J.: 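Once you've had a glance at the structure underneath, I'll fire off some questions.
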Amino acid sequence: AVGLLDNFLSPKLIGNGLRIHPLVVLFSIIGGLTFFGPEGFILGPFTVSLFMALFGIYQLMVKTEQS
């Protein structure tokens, strides 16, 4: 079951351009399903990727302030 999910969902959710570890995607799907219900299948990874993008922007802003 895990292999089937990994082979089917990883290309659909992660794609080639997204740099998120597959384990993080798995936990975000499980957490999204728990928190949002059936919509969490999509909203969980979306929320995690949004948080990671905002955190990256914050790191860039802090780095430019210190320079």
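Not measured: the values here are computed from a predicted model. Hydrogens, waters and symmetry mates are skipped; everything else that's a heavy atom, side chains included, is used.
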J.: Identify the heavy atoms of S28 and V48 that sit nearest to each other, and give their distance.
T.: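 It is CB-CG2, 3.4 Å.
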
J.: Distance from F27 atom CZ to H21 atom NE2, nearest 0.5 Å?
T.: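 If I round to the nearest 0.5 Å, the distance is 10.5 Å.
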
J.: Can you tell me how far apart CE (M61) and CD (Q66) are? Round to the nearest 0.5 Å.
T.: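 Answer for the CE-CD pair, M61 versus Q66, is 12.5 Å.
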
J.: Out of curiosity, L33 CG to I30 CD1, how far, rounded to the nearest 0.5 Å?
T.: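 So the CG of L33 and the CD1 of I30 are separated by 8.0 Å.
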
J.: If hydrophobic clusters are built from ILVMFWY residues whose side chains come within less than 4.5 Å, do V25 and F46 share one?
T.: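 V25 and F46: separate clusters.
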
J.: Group every Ile, Leu, Val, Met, Phe, Trp and Tyr by side-chain heavy-atom contacts under 4.5 Å, then state whether F36 and F41 land in the same group.
T.: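 In one cluster with F36: F41, no.
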
J.: Taking a hydrophobic cluster as the set of Ile, Leu, Val, Met, Phe, Trp and Tyr residues connected by side-chain heavy atoms closer than 4.5 Å, whether directly or through intermediates, do F55 and L60 fall within one such cluster?
T.: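 Different clusters: F55 never reaches L60 through Ile, Leu, Val, Met, Phe, Trp or Tyr contacts under 4.5 Å.
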
J.: How far does CG of L43 sit from CG of L50, to the nearest 0.5 angstrom?
T.: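 These two atoms lie 11.0 Å from each other.
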
